[in-house]
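Everything below concerns the one structure shown next.
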Amino acid sequence: MTAAPFEPPVYPYERLLGAKEKADAHPGGAVDLSIGTPTDPPPAAVVAALSTSAAEAGYPFSAGSARYREAAAGWMQRRLGVAADPSAVYACVGTKEFVSTLPQWLHLRRPDRDTILHPAVSYPSYAMGATLAGCRSVEVPVDDRWNLDLSAVDPTDAARALCLWVNSPGNPAGQLDDLGAAAAWGRAHGVPVFSDECYAEYTWDGPPRTILSAGTEGVVAVHSLSKRSNAAGLRAGFYTGDAALVRYLSEVRKHVGMLVPGPIQAAAAVAFDDDAHVDAQRERYRERLAYFRSVLACLGVDAAMPGGGFYLWAPAPDGDAWGFTERLAAEGGCLVSPGDLYGAAGAGHVRVALVRDLSRLAVVAERMDVTPDPPPP
Ligand SMILES: Cc1ncc(COP(=O)(O)O)c(C=O)c1O
């Protein structure tokens, strides 16, 4: 008997097509807050650098150019307060490909292990990477504040684990986890810890954090320009940390041909060098989070200000996230994501991505006939 052929699972956001139709039907169109795709412009200097690098003709370095790696390391030093060695900083083509191909490279290195541990409510690509590598994904429970509960990991799962993913500030819940504790757990159990830190500069409670503050042994920090610089279209990120592990990954990824295009590398370095545009973007997100919390409060929904990130993680009335999603689409022309897209434990919440400007958010309030507090001055 032959095994059933592998069928790729439905892409999570395709499940929203019904609600999208309803939101699209509003005059003026949908206010799409379902996907965390930035819509504010990247810095003009970054866009200009795309056409002046003279990096089109030759193949780019898979690891990233010296300029790219130095700019990323300089950024880590300035913004996260850790000294990263540029020679241990490696480029990736945005981080989604890194996240979802990682399990196969780790399994190749450790065929005796087959499990990816990830937060029970999290970015779906952690689990999807395991599926695409023929590995197991196992959820690590989260507590009532959406923080990882590493004490709940089954020792047999830990013994089979290729890695643990952590994500702080977290998508979708905006929680801040104790990254030092995650690093310590990984070291104690012999499990590499990968820390997805793409929202680090949108930390609201305290300074941005990185797992590398706990040292590099057994840990890897993963960063992206997509959210920081409104540059998801560029596809540029990097990973750095445990010297042996990142070197291994860079070698396999070089064989595969994972390459950030040369002109993109040049533009990305310009983005890493500049912080002013991120500070301005922080203020935009802070304003929008406050404003839309007030819109939701008018609907009787109490969404807490997140510890970080640009999402509101809102408890749906009566715990019916799909019902609330449909209502927001039908009445407000507003598209949000039901929480079960991020794991069964998220089923009673919706995620609202504040990626549209205040004038579009006000359209939702108007359509739903509510009067929220005006945005902070
Ligand atoms: C937690 C998290 N990690 C990684 C990514 C991937 O970002 P990119 O591939 O654009 O770097 C996202 C995008 O939404 C995300 O929310």
Side-chain angles (χ1 to χ4, degrees), residues 11-13 16 32-40 42 46 64 68 72 75 90-103 116 118-130 132 137 140 142 146 148 163-177 179 182 193-203 208-211 220-240 253 258-261 264-265 267-268 271-272 278 281 285 306-313 336-337 339 341-343 346 351-355:
Y11 199 70
Y13 292 105
L16 274 174
D32 191 344
L33 310 179
S34 64
I35 299 183
T37 185
T39 62
D40 301 292
V46 172
Y68 186 96
W75 169 77
Y90 293 99
C92 52
V93 192
T95 53
K96 183 172 175 133
E97 63 83 358
F98 181 87
V99 169
S100 52
T101 57
L102 178 72
I116 303 295
H118 64 89
V121 174
S122 58
Y123 179 58
S125 296
Y126 307 133
M128 188 54 61
L132 297 177
S137 63
V140 177
V142 293
W146 310 99
L148 265 191
C163 77
L164 163 71
W165 273 108
V166 294
N167 172 220
S168 174
N171 172 12
Q175 87 294 341
L176 302 177
D177 287 304
L179 295 175
V193 180
F194 284 75
S195 180
D196 182 349
E197 301 174 356
C198 61
Y199 298 98
E201 283 168 292
Y202 302 124
T203 299
R209 299 146 208 215
T210 173
I211 199 163
V220 175
V222 182
H223 283 278
S224 171
L225 275 188
S226 296
K227 319 287 179 178
R228 133 169 247 273
S229 298
N230 298 327
L234 291 190
R235 312 307 305 141
F238 72 88
Y239 56 100
T240 187
R253 291 170 53 82
M258 294 295 198
L259 310 170
V260 177
I264 304 283
Q265 292 196 26
F272 282 125
V278 187
Q281 189 64 37
Y285 284 135
F310 51 66
Y311 305 105
L312 288 176
W313 184 234
V336 302
S337 298
L341 264 50
Y342 310 95
R351 191 196 74 172
V352 187
L354 276 313
V355 292

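Each ligand, and each atom within it, is numbered from 1 in the order the structure gives. Values reported hereafter were calculated over all heavy atoms of this structure, with side chains retained and with hydrogens, waters and symmetry mates removed.
Between the CD1 atom in I211 and the CD atom in E197 there is a gap of 7.0 Å [rounded to 0.5 Å]. The structure places OG of S168 at 12.5 Å from OH of Y199, a figure rounded to the nearest 0.5 Å.
In this structure a side-chain-to-backbone donor-acceptor pair under 3.5 Å is present from R228 to A271. Without hydrogens or angle criteria, K227 side chain to G36 main chain gives a donor-acceptor distance under 3.5 Å. Put simply, the side chain of N167 gets close to the backbone of D196: a donor and an acceptor are under 3.5 Å apart.
The residues lining ligand 1, counting any heavy atom closer than 4.0 Å, are G94, T95, K96, Y123, Y126, N167, N171, D196, C198, Y199, S224, S226, K227, R235.
Ring geometry for H118 versus Y126: interplanar angle of 30 to 60°, hence tilted.
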